Amino acid sequence: MPLNWIKARYPFQSFLRTVIKAELPSPLSLRSFPNVVISATLDNLLAMTLKPDFGPNGCNFPPLPVIRSRAIELQVFTHRSFFARPTHIFEDHPDDLSPDNEKFEHLGDAVLGLSVTNLMMQMYPGLRVGPSTKIRALIVGNATLAEISLKYRLPDRLRLHPAQAITLRASTHIQADVLESFIGGLYHEQGLDAVKAWLDPLFKPYARAAYELVRRQHGLPALPTPAASPRSSPTGHADTNNLAPTHTVGHLALFNQHLQKSDRQVEWIYSDQNDLSENGESTEPEVMRGTKVTPVWYVKVLVDGEFYGKGRGNTKKAARNEAAKLGLEKMGIFVCANNQLSAK
């Protein structure tokens with residue numbers, strides 16, 4: 001579906017105002033804020049919209065699966081306003097179950113969360129829970145789901161109360177809800193494998209876009225283009241795989257702990273080459289500069305002005321760990337391979 005068709009039929013500014021209104025506490029309304037505040041909020045929301053890449057002209061956008069059961073399909077596209085049943089009932093009678101799509105929507109919401117979370121774990125196995133939660137919220141948020149729903153023209157297939165049809169069909173929440181209802185109906189009929197076969201290629205571009213957006217929000221640069229390994233580089237770059245071995249990562253915290261207890265002053269001096277001597281004078285540097293993708297950092301640590309050690313690593317922290325290990329040894333504290341302490 002052309003994006004211009006969506007914009008023409010469902011104005012984006014109107015949609016964003018609906019989002020703001022839905023998130024406001026009940027005593028407030030859009031009239032509670034000056035237009036400049038609303039305009040700034042709209043700009044921020046526009047900046048948060050995802051721009052997934054489905055190839056030229058969206059050629060990789062997956063087709064909508066088919067729900068084979070006519071009864072399930074009919075219920076998936078039946079809004080509760082169509083039958084106008086009371087909403088305060090605790091439970092339907094077994095012989096008179098509600099024919100609207102709310103249960104499928106509820107089921108689809110859970111299936112969607114499971115599918116997207118599993119997809120993110122496959123795509124970004126090292127991603128921590130905090131950033132992952134932000135990324136997932138962008139992917140499964142109403143703005144994204146409504147956009148997908150419009151591309152499939154799902155709102156056009158909704159059965160709505162005639163008096164509310166125009167308003168409900170243009171609602172972002174309703175557009176997102178019908179997509180979740182479709183997911184729930186598909187899962188109910190064909191199981192999780194059929195849902196994943198559709199949702200994985202559908203949400204992968206959204207996941208990449210959300211990942212890049214949240215990564216920028218955390219102040220991190222864009223992911224570098226994969227480069228050749230410097231392991232056997234003929235240009236004299238370092239074999240960075242051998243730098244800052246993982247068994248030294250605990251030395252820095254222990255080193256700082258002992259210095260804080262004794263109230264001593266510590267100074268870290270960094271360099272991009274190994275020209276750090278004990279007396280602070282420059283020496284002939286070693287040719288181990290690394291690359292732009294995998295830099296090599298050198299650091300020297302001084303305690304109360306006295307040289308205590310130096311180290312190197314792919315990050316400043318890794319280099320400090322190496323120097324801290326030597327500093328601990330100078331203080332008579334030795335960490336064994338099993339992380340036990342010994343003193344001399």
Side-chain angles (χ1 to χ4, degrees), residues 1 6 9-10 14-15 17-26 62-119 136-137 139-200 202-203:
M1 176 185 304
I6 298 175
R9 186 160 185 178
Y10 303 95
S14 175
F15 145 63
R17 287 176 180 271
T18 303
V19 174
I20 297 173
K21 185 185 297 183
E23 298 299 328
L24 289 176
S26 54
L64 187 71
V66 176
I67 295 178
R68 295 185 286 267
S69 169
R70 177 57 181 166
I72 294 178
E73 181 185 24
L74 195 64
Q75 186 172 355
V76 161
F77 291 106
T78 301
H79 187 260
R80 69 183 182 186
S81 66
F82 188 78
F83 290 102
R85 286 200 173 194
T87 58
H88 63 275
I89 298 177
F90 179 76
E91 185 176 9
D92 292 329
H93 191 277
D95 296 330
D96 187 27
L97 298 177
S98 178
D100 61 49
N101 63 6
E102 282 197 325
K103 289 184 178 178
F104 280 145
E105 175 199 332
H106 184 66
L107 175 62
D109 177 69
V111 174
L112 175 63
L114 170 65
S115 301
V116 169
T117 302
N118 185 64
L119 175 64
R136 185 179 60 185
I139 298 172
V140 302
N142 280 343
T144 301
L145 300 186
E147 176 185 316
I148 296 172
S149 181
L150 291 173
K151 287 182 179 180
Y152 286 123
R153 300 196 180 188
L154 298 183
D156 291 350
R157 299 167 65 179
L158 275 172
R159 298 200 299 169
L160 303 158
H161 190 284
Q164 306 174 46
I166 295 178
T167 303
L168 291 176
R169 192 167 277 119
S171 167
T172 305
H173 292 288
I174 302 302
Q175 294 163 4
D177 290 347
V178 68
L179 176 63
E180 292 179 334
S181 177
F182 189 92
I183 294 171
L186 184 66
Y187 172 82
H188 183 72
E189 181 189 62
Q190 302 177 28
L192 186 60
D193 289 342
V195 173
K196 285 178 59 63
W198 169 43
L199 294 187
D200 281 3
L202 173 62
F203 280 101

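Along the sequence shown, residues are numbered consecutively beginning with 1. None of these values were measured; they are calculated from a predicted model.
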Exercise. State the CZ-CG distance between Phe77 and Leu160, to the nearest 0.5 angstrom.
Key: 11.5 Å
Quiz item: Once you round to the nearest 0.5 Å, how far does CD of Glu180 lie from NE2 of His106?
Solution: 10.5 Å
Quiz item: Can you name the nearest heavy-atom pair linking Leu145 to Leu179, along with the distance?
Solution: O-CD2, 3.6 Å
Quiz item: Just by distance, do the side chain of Glu189 and the backbone of Ile72 share a donor-acceptor pair under 3.5 Å?
Solution: no
Quiz item: Any side-chain heavy atom of Leu154 sitting closer than 4.5 Å to one from Leu64?
Solution: yes
Quiz item: Between the side chain of Gln75 and the main-chain N/O of Asp100, is any donor-acceptor distance below 3.5 Å?
Solution: yes
Quiz item: Would you say the side chain of Phe203 lies within less than 4.5 Å of the side chain of Ser115, judging by non-hydrogen atoms?
Solution: no
Exercise. For residues Glu73 and Arg157, determine if any side-chain heavy atom of one lies less than 4.5 Å from a side-chain heavy atom of the other.
Key: yes
Practice problem: Please round to the nearest 0.5 Å and tell me the distance separating atom CD1 of Ile183 and atom OH of Tyr187. | Solution: 13.0 Å
Practice problem: Check Pro155 against Gln175 and note the closest heavy-atom contact, atom names and distance. | Solution: CG-CG, 3.7 Å
Self-check item: Minimum heavy-atom distance Arg136-Val116, with the two atoms named
Solution: CG-CG1, 4.0 Å
Practice problem: Output the distance between atom CG (Asn118) and atom CG (Asp200), rounded to the nearest 0.5 Å. | Solution: 7.5 Å
Self-check item: Side chains of Asp177 and Ser149 in contact at under 4.5 Å (non-hydrogen atoms)
Solution: no
Quiz prompt | Over 12 non-hydrogen atoms of neighbours within 6.0 angstrom of CD1 in Ile89 | solution = yes
Practice problem: Rounded to the nearest 0.5 Å, what's the gap from OG1 on Thr117 to CG on Leu112? Could you check? | Solution: 8.5 Å
Practice problem: Over 60° means perpendicular and under 30° means parallel, so classify the ring planes of Trp198 and Phe182, tilted if in between. | Solution: perpendicular
Practice problem: With rounding to the nearest 0.5 Å, note down the distance linking NE2 in His173 to CG in Asn142. | Solution: 5.5 Å
Quiz item: Strictly by modelled atom types, are His79 and Ser81 linked by a side-chain donor-acceptor pair under 3.5 Å?
Solution: yes
Quiz item: Considering all heavy atoms of both residues, which atom of Gly185 and which atom of Val76 are nearest to each other, and what is their separation?
Solution: CA-CG2, 3.9 Å
Quiz item: Should we say atom CZ of Arg159 is surrounded by more than 12 heavy atoms from elsewhere, each under 6.0 Å from it?
Solution: yes
Quiz prompt | Contact summary for Leu186 and Val66, nearest pair of heavy atoms | solution = CD1-O, 4.3 Å
Exercise. Any chance you could lay out the side chain to side chain contact (heavy atoms under 4.5 Å, CB included) test for Leu119 and Leu199, step after step, and finish with the verdict?
Key: CA-CA 9 Å; Leu119 175 64; Leu199 294 187; over 6 Å; no
